[in-house]
Amino acid sequence: MADDFFDDEQELMEAAAHGDASGADSAAEAVDAQAAVAGRKRRASAGAATAREPRQEDVAASGRQAPPFWMVLAIAAIALLLGVVIGYLMGSSATLAALESQMGSQAQAAETDSDTSAYELPEGHPQVEVDEDGTAHVADDTAAAGE
């Protein structure tokens, strides 16, 4: 369709060149040819508005070609690598946030417990006292010894 337009333009240019020699008849033919070209332009613009599959000649003429296969693989590898890195960062930040909240709840639980309950043994065992330096001694309990 685009070739018809350029052919018509070429015909108009030839008619204009011959029109100088032949006179008024050539001028009338030139006006008719211009009207025909204008009609073809309208039809071409209407035809271009409709969606059509690009022809092989159109693709070759536009200079667009598919990228080489190695480039497609390189882009896919980069995308995969970025996905792994971003996923690792997001996962590690979510894990750290969960650990911090868990540590906070454990710290609150440890603060509410009394220090003496941590050193108490079950019933039937002698009670142990822990000094400040960390040594343990059996507590003197006369009630436990009497049983």
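In this text, all values refer to a predicted model and were calculated from it rather than measured experimentally. Counting from 1, the numbers follow the sequence of the chain as shown.
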In a table with atom names and distances, give each donor-acceptor pair under 3.5 Å that connects a side chain of residues 96-107 to protein atoms at least two apart or in another chain.
unit_1 : atom_1 : unit_2 : atom_2 : d
S101   : OG     : A98    : O      : 2.8
S105   : OG     : Q102   : O      : 2.8

Fill in: Member of I78, V85, L80 meeting the side chain to side chain contact (heavy atoms under 4.5 Å, CB included) criterion with L82
I78

Worksheet, complete the sentence: Going by chain and number, the hydrophobic cluster around F69 (ILVMFWY, side chain to side chain under 4.5 Å) further includes L73

Worksheet item: If you round to the nearest 0.5 Å, how far is OG1 of T135 from CD of E129?
Response: 10.5 Å

